[in-house]
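Right, one structure below, let's go through it.
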Amino acid sequence: MQDYDKLLFAALILGPILFGALALISPSRGLRNAIVIIAAILTAGAGAFLITRTPLQFFMEPWTAHLATGLEFLIVLIVLGLAINIRSWLIAAMALIQLGLAASELLLPGQGGGTESAAPQFVVDNLALILVLVVSIVGSIICVYAIGYMKHHEQHAPPTAAGSGRFFFFLVGFLGAMNGLVMANDLKWLAIFWEATTLCSFMLIGHDRTPEAKNNAKLALLINTFGGLAMMVAGLIAHLSGHGENLSDLTAGWAMLPMALLCLAALTKSAQLPFQSWLLGAMVAPTPVSALLHSATMVKAGSYLVLRLAPAFSGTRLAVIIAIAGAFTFAAASALAIGQSNGKKVLAYSTIANLGLIVTCAGIGTPLAYAAGLFVLCFHAASKGLLFMCIGAIEQKIGSRDIEDMGGIMFLMPVTTVITLIGMGSMLLPPLGMLMSKWLAIESAMHAPLVLFLLVVGSALTVFFWAKWIGRIQTASYHREYKAEKLPFTILATLLLLVLAVVAGGLMTMPIFNAWIIPVVRGMTVAAWTADGLAQLDLAGQLPMWPFLVFLGLGLFVGLISFARFKEKNVREPFLCGENIQGGEHSYNFRSIGDSVNTAWSASYYMGSFFAESWLTPWVNLLAWMVILMLFGTMIGKL
Amino acid sequence: MSASSKSPWIVHYNCNSCNGCDIEFVACLTPMYDVERFGILHVGNPKHADILVVTGSVNHRDVRVLRNVYAQMPEPKVVVALGVCTSSGGIFADCYNIFGDVSKVIPVDVYVPACPPRPEAMIDGIVQALGILERKRAGEVMPSAAKPVLTLRPTAAAEAAPAAAQAAEQGNA
Amino acid sequence: MTLTPQMLTVILAVVLGPILGALVSGLDRKITARVQGRWGPPIIQPFYDVLKLLRKEALGVNRIQIIYVWLHLAFMILTVVLLAMGQDMLMALFAYTFSSVALILGAMSVRSPYSRIGSHRKIMQMFAYEPVLILLIVGVYLITGSFQASSVAQQPLLVKLPLVFLTFLMAAAIKLEKSPFDIATSHHAHQELVKGITIEYAGPYLALIEITHFYEIFIVFAVVASFWATSPAIGLGLAAAGFLALIVVDNVFARLTPMWMLRYMWTVPLTLALSNIIWLYCA
Amino acid sequence: MIKRVFSNLFGSPATRLYPFTRREPFAGSRGQLKNDIAKCIFCGQCQRRCPADAIVVGKKPDKSWAFDRYRCIVCGYCVEVCPVKCLSMDPKHGD
Amino acid sequence: MLNNELPVTRDTLLNEVAARRHQGYRFVTVTCVDLGDRFDILYHFDKDYVLYNLRLSLGRTENLPSISSIFFAAVLVENELKDLFGIPVTDLAIDYGGRFLLSEGSPVAPQRKPDAPPAQPAQTKDGAVK
Amino acid sequence: MSKRTIIPFGPQHPVLPEPIQLRLVMEEERVVEALPAVGYIHRGLEKLVEKKDYNQCVFLAERVCGICSFLHSVTYCQGLEEIMSVTIPDRARFLRLIWGEVHRVHSHLLWLGLLADSFGFENVFMHAWRCREMVLDLLERTAGHRVMLGVSCVGGVRRDISDEGLADILRTVDALQKEFDEFVPVVLNDYSIKQRTVGVGKLTKEQAAELGAVGPVARASGIARDFRETGYAAYGEVGFKIVTETAGDCYARMKVRCGEMYECLNMVRRAVAAMPAGAINVPVKGNPTGEVVARLEQPRGEVIYYLKGNGAKNLERMRIRTPTFANLAPLLAMLPGCELADVPVIVLSIDPCISCTER
Ligand code: SF4
Ligand code: SF4
Ligand code: SF4
Ligand code: SF4
Ligand code: SF4
Ligand code: SF4
Ligand code: SF4
Ligand code: SF4
């Protein structure tokens with residue numbers, strides 16, 4: 001390990017935290033913005049530089065073990081304090097248990113190696129690298145976006161809202177915590193960063209300090225603390241059983257119970273059913289929070305952990321249950337998204353569904369599935385981050401996040417709308433990334449009938465909510481004027497940056513898959529993987545891209561030509577049974593009762609009788625709990 | 001005949017018809033007459049239609065509907081007016097709420113008189129419209145249809161009057 | 001570049017596909033007319049229709065819908081190309097799905113309630129048949145061990161996928177807008193949505209939709225025929241039988257409601273297809 | 001219904017191929033009004049009774065009988081009232 | 001003079017109509033005849049194929065109370081009276097604002113005898129809605 | 001924006017053969033409010049009586065509607081005959097019944113076809129209209145026109161039917177009976193038709209009575225009201241069975257009309273058998289003085305003519321209230337709560353005729 005690797009390591013973890021602190025204390029907005037931008041550039045740069053250095057291992061000085069213990073106590077105590085402060089005795093109780101666990105770990109001797117094992121505390125392998133890249137690049141972009149967003153937000157936020165300085169501290173600092181999390185190998189460090197993200201998320205969700213924000217922050221803390229608890233129990237068991245308190249030890253050997261507990265923690269963090277409620281509640285936060293914490297990165301921590309563990313439990317019954325849990329989440333969250341007209345909630349459900357897809361892939365565990373999981377992870381982060389940013393901009397403009405209110409934004413904010421359309425298109429359009437990932441996932445699920453069925457149902461459902469949303473925002477009448485759009489520079493720049501990334505990445509999915517993902521997967525050594533499975537991976541990589549590009553290009557090209565050649569004189573009002581009121585921009589008005597002027601309107605379908613959140617949620621939660629129980633039911637046989 | 005006249009799609013608007021013309025027109029679609037033989041489809045939507053079939057005279061509320069329907073049809077298009085109501089108001093010509101015959105609102109290409117015309121007569125009218133459609137597609141500007149009045153005179157007088165004069169009288173009334 | 005047999009297949013499929021589709025559509029109209037005791041249009045009527053539409057005025061409500069109609073066509077041809085290349089069936093299905101999505105989005109981009117309601121119904125239709133199509137691919141995979149479309153030629157699939165075949169015909173009835181599923185648009189004027197999803201397209205744009213529809217017909221019957229791909233004669237016979245069955249069903253059913261369709265498609269055909277698939281897993 | 005479908009499919013269609021096949025109109029059917037002008041006495045009865053004002057009869061010096069097909073509702077009332085029965089209903093609808 | 005006829009006034013109208021309803025009559029329709037100086041307004045009710053008629057004599061400018069609160073079905077024909085005779089009908093359950101059968105460009109109160117100028121002001125451009 | 005969908009349903013809408021607009025307010029596809037906008041077909045023909053004499057108005061009355069045209073002219077003539085105290089010959093009464101009932105068959109067949117069309121059952125539509133051609137040919141052979149019979153006059157009918165014509169009628173009636181025997185049970189038992197009609201557009205007996213429903217709509221809701229029971233024309237002598245159902249939904253209305261078609265054929269048979277000889281009209285002198293309300297049962301229910309004469313050859317006032325006018329209020333009660341796809345079915349289930357409704 002070279003010195004500048006250490007520097008890199010520090011830049012990725014401590015850098016953002018440091019800059020966040022600077023932002024917190026910076027006296028003026030201008031300075032703060034500059035700090036945030038510098039932090040973003042540095043973090044992103046460090047992340048990119050990491051590519052050249054992977055793989056890396058960090059062995060920490062022995063004294064850092066005590067530091068870790070100290071930090072662990074500190075964080076648990078903070079949580080306890082918060083719990084008491086917000087009067088949530090359940091959280092307090094869990095924090096106390098955590099305290100007890102931490103203490104008992106100190107007191108009880110571990111069997112065998114324990115901390116003395118030769119495993120590194122931090123590891124950067126390809127998986128970690130991918131996540132670091134996602135966090136430090138997408139995350140940084142979102143932080144910059146937040147500059148413009150928060151300026152507007154400060155003017156409109158409720159008076160209770162905390163200062164922007166604090167906001168940026170948690171936002172930027174979060175990147176560091178996240179980087180630490182994905183690079184951590186030692187369970188203790190993992191738990192520390194894990195809890196740190198929980199804390200950040202609690203602070204950020206509660207940022208506006210409205211009663212709703214406070215409540216939802218509490219919910220997030222509750223569920224994530226529960227996950228943290230599971231993680232600490234896993235750590236303790238590992239400690240006691242002598243499996244080694246490192247992820248690398250866990251993945252190498254067999255440690256079903258801690259693994260199951262870690263998976264449980266992962267499910268809570270990535271808001272898999274039945275733990276989805278906190279993520280939905282988190283949507284009250286300012287949109288950069290949703291974008292950063294709750295789609296692009298923090299929830300990825302959960303799915304990352306499952307992916308990390310996947311090679312170890314591959315082929316076991318645990319894997320089967322994990323796959324089912326993920327697939328069920330995928331289908332159920334997609335169904336729930338249909339009933340939503342709140343745009344951010346739709347995004348949230350879609351996020352949950354896609355995380356479910358990653359979890360499924362990890363559960364299936366074949367090389368193809370693993371590749372699919374990685375693929376979803378990358379493309380989802382970019383697309384979803386972009387979409388959240390777009391919706392944030394739209395919401396600030398029209399003052400609503402309801403899908404039905406987004407009709408006509410084409411005229412109000414053409415640039416953002418087109419970017420939003422591309423973002424949404426990237427969820428649906430072959431050969432862009434999300435669709436290819438879904439394709440890989442379904443193909444890899446062929447041997448697990450139940451999982452497959454759930455995926456099939458889910459993917460049929462996804463089209464529904466995307467199509468109707470796209471349909472709503474792009475609706476246009478010919479005669480209305482497009483308004484020049486004024487966006488804050490940071491917002492515009494970040495939107496453009498990310499949309500470029502989405503398009504470029506999307507058009508090169510198969511090259512990326514072949515050049516990147518396949519080597520990563522092939523580089524792993526997993527006992528359960530067969531040559532057959534690897535061959536499948538290669539076969540999938542052989543899908544030719546050119547027909548897609550040719551026809552997409554042709555379609556767009558000819559379409560745009562016709563678009564440009566369409567003449568004003570060929571415009572006619574929509575069909576309204578002959579009662580249109582002609583002329584003017586409102587050609588969709590019609591005469592009706594007593595010659596009155598009425599506006600034709602067709603709301604989107606939410607299929608309330610099938611997909612209402614209120615009645616669907618209890619049922620899917622019940623089923624999901626049953627799956628969770630099965631997760632541990634498999635243990636009972638083992639123990 | 002080219003494709004235009006082999007695939008005439010129809011939209012039908014009933015203005016003030018008493019239903020007599022209407023249902024006879026519908027009868028044209030049914031097995032006995034089956035105008036789909038000519039490629040005719042009843043599409044019900046002006047944007048897909050080539051032929052606008054109008055029945056009944058136009059009242060004050062229909063004016064705007066008829067104009068809209070006509071305007072939403074893509075060129076080339078022809079208008080076939082079925083029944084005497086469309087051409088003159090028929091028995092209802094003197095009613096207070098009648099705006100006028102169809103030609104007061106949109107140009108008419110073919111009139112099919114009688115009250116109501118037989119389905120056979122309607123088919124004749126539509127076939128005639130096909131020819132006009134074809135010529136319009138070729139870019140010809142077609143005059144609106146005429147509604148000549150037949151004037152007969154006592155046989156003796158008819159001998160006296162030059163034939164040309166009589167022909168002139170039969171012009172557009 | 002030399003002309004490989006595969007490229008030849010692709011070119012043939014792209015060129016002949018819509019022509020065959022149009023002929024099938026013309027035959028459909030003729031037979032339907034006969035079934036109703038009418039004389040009916042000439043069999044080449046669809047060609048007249050498209051030629052006429054191409055030469056009509058290109059009216060539209062806005063510009064956005066035009067881009068989508070081209071994408072609709074482009075992705076339908078892409079589907080044909082992928083299948084003709086013997087490529088991955090699931091990917092072909094995705095391309096096909098996006099073709100429908102493009103039509104939906106185009107129809108949604110206009111502020112026309114009839115068009116938009118039609119789009120929503122089309123989504124419901126996709127939602128109803130999509131699982132059946134994926135299960136078809138699963139079935140093929142379980143038999144041949146491959147996703148490649150070229151693999152269907154290995155053995156007569158019908159033997160092992162009789163129920164899936166049946167459900168595919170039901171899905172085809174939706175695809176071809178046949179009663180009882182003709183809810184999003186209809187060849188027939190007397191529908192509560194008039195022309196539903198296609199209502200705001202006129203002239204050449206409508207012609208594009210028609211041509212796409214011809215491709216779609218071609219794909220549907222090609223898939224039907226591929227259930228017995230080892231013998232072209234039996235395959236064609238199968239397609240003909242499926243075609244007649246669809247016409248008969250179209251004529252002995254009223255149009256049913258979207259909700260009925262969802263309830264039906266998610267119970268009967270799905271159960272049939274699933275039991276077929278489960279049987280394959282167990283066998 | 002299936003029975004009907006097949007009997008139709010294999011039977012011959014009900015369509016009368018008008019205008020290629022024409023059926024003779026029924027006797028006594030009201031197709032269009034004809035005037036045997038040689039017999040007409042220009043009395044104006046038909047004009048007075050016509051409910052649709054389709055007939056204009058020119059009086060004395062300039063006798064004429066003008067008939068607007070595009071107004072006539074083919075009711076046959078004029079035929080009934082014509083004193084010299086010069087009016088008749090042609091069962092055919094066109095010329 | 002019709003069979004089963006009962007003269008009513010504007011004050012007794014609603015009571016009489018309510019009484020018919022009580023006796024199980026069905027509302028059939030309303031007929032208005034313009035007598036030149038007054039309107040004859042006939043309310044027809046039916047029970048077992050026998051008609052019962054109320055005859056209301058209405059001054060040319062008087063308001064007419066709607067019976068749609070008693071027989072909802074009367075609302076359409078009362079709107080028609082408003083349209084065609086220009087009679088101000090009050091308390092309509094659904095009011096088409098004088099644009100029930102008539103539209104922009106139609107003559108005003110066309111079935112009213114010409115000697116009496118319409119009591120209603122000319123229709124507004126957009127008409128009123130309920 | 002609203003979560004509710006607002007669309008104009010009509011006036012130019014292919015499902016509606018006649019122009020009328022329903023402004024539908026829907027939640028997704030469920031109708032929550034439906035209000036009619038009418039006036040697309042209002043001509044103002046009641047006022048034409050001031051311009052045309054009472055004999056010419058027979059033809060006017062016939063053109064109030066092109067479907068049950070004949071029955072309109074009969075109602076009008078019956079009203080005038082009552083004012084003028086004319087007793088028409090027996091044969092005229094029987095002829096009126098025969099033409100009237102044949103008209104009802106054609107009207108019900110037409111309706112059955114349009115209803116089938118409204119739920120996309122094209123084959124039923126085609127077949128119903130194919131049968132209807134037999135009826136129309138019969139009308140043309142006996143009366144001289146397919147639609148506007150033009151045989152009514154005050155004082156009887158204008159045209160007689162020869163014995164051969166009567167035999168022709170019987171032959172056609174038998175042929176129709178054969179078609180119905182095959183066709184009607186198929187339609188009534190079809191699964192998909194039942195799916196679209198059973199339980200759709202329900203109107204309870206109480207609602208029907210309250211809102212003044214007439215004709216098959218009322219009879220399908222269990223109200224046994226049919227003006228032919230009053231025995232006008234020759235109904236007293238020929239007699240008939242009133243067809244009722246109780247369910248009050250679209251299916252019940254369909255059943256009622258199908259039952260009536262059979263009943264029509266039976267009545268025509270009995271009328272032909274009992275046909276008295278003699279004159280077909282009596283001369284009518286003078287001008288009408290007085291007022292009258294004439295009513296009879298059309299295919300769609302009770303039609304009402306109020307006629308007032310003041311001794312001139314032009315009537316002072318004619319007012320027409322048609323069955324559809326009476327059935328509009330019940331229609332508005334049926335629509336809320338149904339699905340968009342059911343709207344045309346429900347609308348057509350009352351067999352609406354806007355033409356005579358708006359006049
Ligand atoms: S022409 Fe005669 S049949 Fe046709 S609508 Fe006019 S009145 Fe009716
Ligand atoms: S609606 Fe369809 S099936 Fe019926 S005739 Fe038209 S094209 Fe043929
Ligand atoms: S009634 Fe007869 S004779 Fe007299 S003008 Fe008319 S056609 Fe001539
Ligand atoms: S024929 Fe008639 S109209 Fe002519 S003068 Fe004699 S009575 Fe008068
Ligand atoms: S047939 Fe009737 S409408 Fe025609 S001219 Fe004679 S009276 Fe007039
Ligand atoms: S065919 Fe259709 S559009 Fe034409 S009149 Fe009949 S119902 Fe109306
Ligand atoms: S209700 Fe009126 S318009 Fe309809 S058929 Fe009867 S008379 Fe004719
Ligand atoms: S509503 Fe009545 S009159 Fe109008 S078209 Fe339908 S059946 Fe004919």
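In what follows, chains are A, B, ... by sequence order, proteins preceding strands, each numbered from 1.
When atom types are taken as modelled, the side chain of C/E57 and the backbone of B/E75 share a donor-acceptor pair closer than 3.5 angstrom.
In this structure, C/K56 is not positioned above the aromatic face of B/W9 in the sense of NZ or CZ being under 6.0 Å from the six-membered ring centre and within 45° of the axis.
Counting heavy-atom pairs closer than 4.5 Å to chain B, the top residue among C/L54, C/V50, C/L53, C/I199 is C/I199.
Here B/R37 contributes atom CZ and C/R38 contributes atom CZ; the two are 10.5 Å apart, rounded to the nearest 0.5 Å. Atom-to-atom distance recorded for B/L41:CG and C/Q45:CD is 7.0 Å, nearest 0.5 angstrom.
Partners of C/K30 by salt bridge (charged side-chain N to carboxylate O under 4.0 Å, His left out), not counting sequence neighbours: none found. Scored by the side-chain contact (heavy atoms from CB on, under 4.5 Å) test, B/K47 finds A/R572, B/N45, B/Q72, C/V61, C/E200, C/A202 as partners (sequence neighbours excluded).
Annotation: residues 78-99 of chain B contacts chain C through no residue [non-hydrogen atoms, separation under 4.5 Å].
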### Task
Give the C-alpha distance, both sets of side-chain angles, the deciding distance and a yes or no for side chain to side chain contact (heavy atoms under 4.5 Å, CB included) between B/H48 and C/T198.
CA-CA 9 Å; B/H48 295 183; C/T198 61; 3.7 Å; yes
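For residues 95-106 of chain B, the set of pairs meeting the salt bridge (Lys or Arg N to Asp or Glu O under 4.0 Å) definition, not counting sequence neighbours, comprises B/D101-B/K147.
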